[in-house]
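Only this structure's heavy atoms are used, side chains among them; waters, hydrogens and symmetry mates stay out. Worth saying up front: this structure is predicted, and the values here are computed from it rather than measured.
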Amino acid sequence: MSDVATCPASLAAAPATRAVLPLSVRGLSLRLGGAQVLDRVDLTLGARGCTVILGPNGAGKSVLLKLLHGLMMPDAGSIRWGDLDPVAARPRQAMVFQTPVLLRRSVAANLDFVLRARGLDRSRRDALLSEVGLSHKARQPARKLSGGEAQRLALARALATDPEILLLDEPSASLDPASTLAIEEIVQSCRRTGRRVFLVTHDIGQARRIADDIVFLHHGRVLAHQPAQEFFSAPERAEARDYLAGKLIL
């Protein structure tokens with residue numbers, strides 16, 4: 001994809017400290033509306049790479065991501081980012097949602113707002129726009145961007161905060177193949193330069209392309225956590241095999 005440049009080291013490299021990793025999740029449970037959304041989730045996730053969270057609709061994937069970011073509280077269990085709880089760790093993270101909410105301002109002004117709020121140098125703006133292939137859209141109203149462009153702007157805003165960790169909730173859902181590839185290239189580039197990525201997706205092809213390890217959720221439980229190559233060649237559970245074959249019955 002020609003208009004998305006590789007992340008410059010000055011922007012993409014994560015801060016040197018790794019105090020918020022590894023991630024430890026123990027006995028995490030949550031009920032919503034009388035339904036058990038997450039059920040005694042246990043995970044230990046290391047300091048590097050891209051973890052992709054897979055599972056059918058209603059498995060609890062997006063809820064798990066929101067809990068990790070401290071946007072929701074569990075009924076039971078604990079989440080520790082190194083020595084920090086999710087709320088304390090949040091300033092070191094950035095989360096991008098499936099449908100970005102953009103300010104009613106220009107593309108450039110959306111970035112200026114984030115940089116100013118964090119007390120960061122606004123000179124970073126132009127480099128960030130170049131990084132996500134939106135330099136030519138800088139003066140355009142953000143609300144007029146296409147779906148793929150809007151998601152790239154959301155990623156630029158996330159990167160503007162210099163996060164150590166990116167939490168991505170289906171960032172390429174409903175996008176065309178070219179826009180999906182653009183998002184993946186940005187994520188891959190930032191992963192290569194040291195950021196820790198957690199990504200929820202329904203796109204098995206995308207998971208194959210970018211995952212280092214797979215967490216497979218079903219009915220709120222972690223049924224498998226394997227290196228990506230092992231998961232796709234020899235899933236630990238029958239439910240995971242059925243999911244990959246498109247035969248999983250909820």
Would a hydrophobic clustering, with Ile, Leu, Val, Met, Phe, Trp and Tyr connected at side-chain separations under 4.5 Å, put [X] with [Y]?
{"X": "L28", "Y": "L32", "value": "yes"}
{"X": "I210", "Y": "V96", "value": "yes"}
{"X": "V114", "Y": "L145", "value": "no"}
{"X": "L115", "Y": "V132", "value": "no"}

Rounded at 0.5 Å granularity, tell me how far [atom1] in [X] sits from [atom2] in [Y].
{"X": "D39", "Y": "H218", "atom1": "CG", "atom2": "NE2", "answer": "12.5 Å"}
{"X": "S24", "Y": "L45", "atom1": "OG", "atom2": "CG", "answer": "9.0 Å"}
{"X": "L103", "Y": "R157", "atom1": "CG", "atom2": "CZ", "answer": "5.5 Å"}
{"X": "L30", "Y": "L38", "atom1": "CG", "atom2": "CG", "answer": "6.0 Å"}
{"X": "L166", "Y": "C190", "atom1": "CG", "atom2": "SG", "answer": "6.5 Å"}
{"X": "I53", "Y": "K61", "atom1": "CD1", "atom2": "NZ", "answer": "9.0 Å"}

Given 3.5 Å as the limit, does a donor-acceptor pair link the side chain of [X] with the main chain of [Y], or not?
{"X": "S130", "Y": "S135", "value": "no"}
{"X": "Q151", "Y": "P171", "value": "yes"}
{"X": "S189", "Y": "I186", "value": "no"}

Where is the tightest heavy-atom contact between [X] and [Y], given as atom of each residue plus distance?
{"X": "D169", "Y": "S62", "value": "OD1-OG, 2.8 Å"}
{"X": "A109", "Y": "S106", "value": "N-OG, 3.0 Å"}
{"X": "L21", "Y": "G46", "value": "CD2-O, 4.0 Å"}
{"X": "D85", "Y": "A88", "value": "OD1-N, 2.7 Å"}
{"X": "A173", "Y": "Q98", "value": "CB-NE2, 3.5 Å"}
{"X": "A211", "Y": "A228", "value": "O-CB, 3.4 Å"}

Can you find a pair of side-chain heavy atoms, one from [X] and one from [Y], that are under 4.5 Å apart?
{"X": "T201", "Y": "L168", "result": "no"}
{"X": "I204", "Y": "F232", "result": "yes"}
{"X": "L43", "Y": "L23", "result": "no"}
{"X": "E236", "Y": "L223", "result": "no"}
{"X": "R237", "Y": "D242", "result": "no"}
{"X": "E170", "Y": "V200", "result": "yes"}
{"X": "V222", "Y": "D42", "result": "no"}
{"X": "L244", "Y": "R241", "result": "no"}

Working note: V107 + E149, criterion side chain to side chain contact (heavy atoms under 4.5 Å, CB included); need CA distance, chi angles, decisive distance, verdict. CA-CA 10 Å; V107 169; E149 290 167 344; over 6 Å; no
R191/D212 under side chain to side chain contact (heavy atoms under 4.5 Å, CB included): CA gap, chis, key distance, verdict: CA-CA 10 Å; R191 165 186 165 275; D212 292 297; 2.7 Å; yes
Between E239 and L248, does a side chain to side chain contact (heavy atoms under 4.5 Å, CB included) hold up when you go through it step by step? CA-CA 6 Å; E239 294 92 339; L248 185 64; 4.1 Å; yes
Would you check, one step at a time, whether the test side chain to side chain contact (heavy atoms under 4.5 Å, CB included) holds for E164 with R196? CA-CA 6 Å; E164 295 177 48; R196 188 63 167 93; over 6 Å; no
Name the atoms and distances for all side-chain donor-acceptor pairs under 3.5 Å in residues 64-80, with sequence neighbours left out.
| unit_1 | atom_1 | unit_2 | atom_2 | d |
| --- | --- | --- | --- | --- |
| H69 | ND1 | Q93 | OE1 | 2.6 |
| D75 | OD2 | R31 | N | 2.7 |
| R80 | NH2 | D83 | O | 2.3 |

Is the ring pair F216/Y243 parallel, tilted or perpendicular, if the boundaries are 30 and 60 degrees?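 Rings of F216 and Y243: tilted, 30 to 60°.
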Could you check whether atom CD of Q229 has more than 12 heavy atoms from other residues, nucleotides or ligands sitting under 6.0 Å from it?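 Not more than 12 within 6.0 Å, no.
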Will you find, in the side chains of D121 and S123, an N or O donor that is under 3.5 Å from an N or O acceptor?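 Yes, S123 and D121 have a side-chain donor paired with an acceptor closer than 3.5 Å.
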Residue pair S172 / Q206, side-chain donor-acceptor N/O under 3.5 Å: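 Side chains of S172 and Q206: pair found under 3.5 Å.
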